[in-house]
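I have placed the structure first, in the form of structure tokens, so that the comments after it can refer back to it.
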Amino acid sequence: MSYLTTIELAAELKISEVTLRQSRVTGKLLGAKAPRHLKLGRQVRYLSSDIEQWINETNQVEAA
């Protein structure tokens, strides 16, 4: 089980950290439901398997 930081995920998705932070408030990221995140104290982490699932779901919606 591995976790990504906001910085790591933003780099992987090629978006700004600000966009990713805003998605946690709005619930939307790149026109889709934002991926699930975990808040551990003041730290935010994204489970890599959740991100893979989110990418797959987002790609399926775009393909339809």
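This one's a predicted model, so the numbers in the text were calculated from it and none came from an experiment.
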Partners meeting side-chain hydrogen bond (donor to acceptor under 3.5 Å, both in side chains) with [X] (sequence neighbours left out):
{"X": "Gln53", "answer": "Glu57"}
{"X": "Thr26", "answer": "none"}
{"X": "Tyr3", "answer": "none"}
{"X": "Ser49", "answer": "none"}

| field | Cluster link Leu38 to Trp54, ILVMFWY, side chain under 4.5 Å | value |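 No, it is not one cluster - the side chains of Leu38 and Trp54 are not joined through contacts under 4.5 Å.
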| How far apart are the closest heavy atoms of Leu20 and Ala10, and which atoms are they? |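 Looks like CD2-N, 3.8 Å.
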| request: For residues Leu30 and Thr58, determine if any side-chain heavy atom of one lies less than 4.5 Å from a side-chain heavy atom of the other. | output: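 No; the side chains remain at least 4.5 Å from each other.
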| Just how far is it from atom NE2 of His37 to atom CG of Leu9, taken to the nearest 0.5 Å? | 11.5 Å
| Can you tell me how far CZ of Arg24 sits from OH of Tyr46, rounded to the nearest 0.5 angstrom? |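 Answer for the OH-CZ pair, Tyr46 versus Arg24, is 4.0 Å.
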| remark: Sorted by chain and number, sequence neighbours left out, salt bridge (charged side-chain N to carboxylate O under 4.0 Å, His left out) with Glu17 holds for Arg21
My understanding is that only residues two or more places apart in sequence, or in another chain, count here; which of them pass side-chain contact (heavy atoms from CB on, under 4.5 Å) with [X]?
{"X": "Ala34", "value": "Ser23, Leu29"}
{"X": "Thr5", "value": "Ile7, Glu8, Arg45"}
{"X": "Arg36", "value": "Leu47, Asp50"}

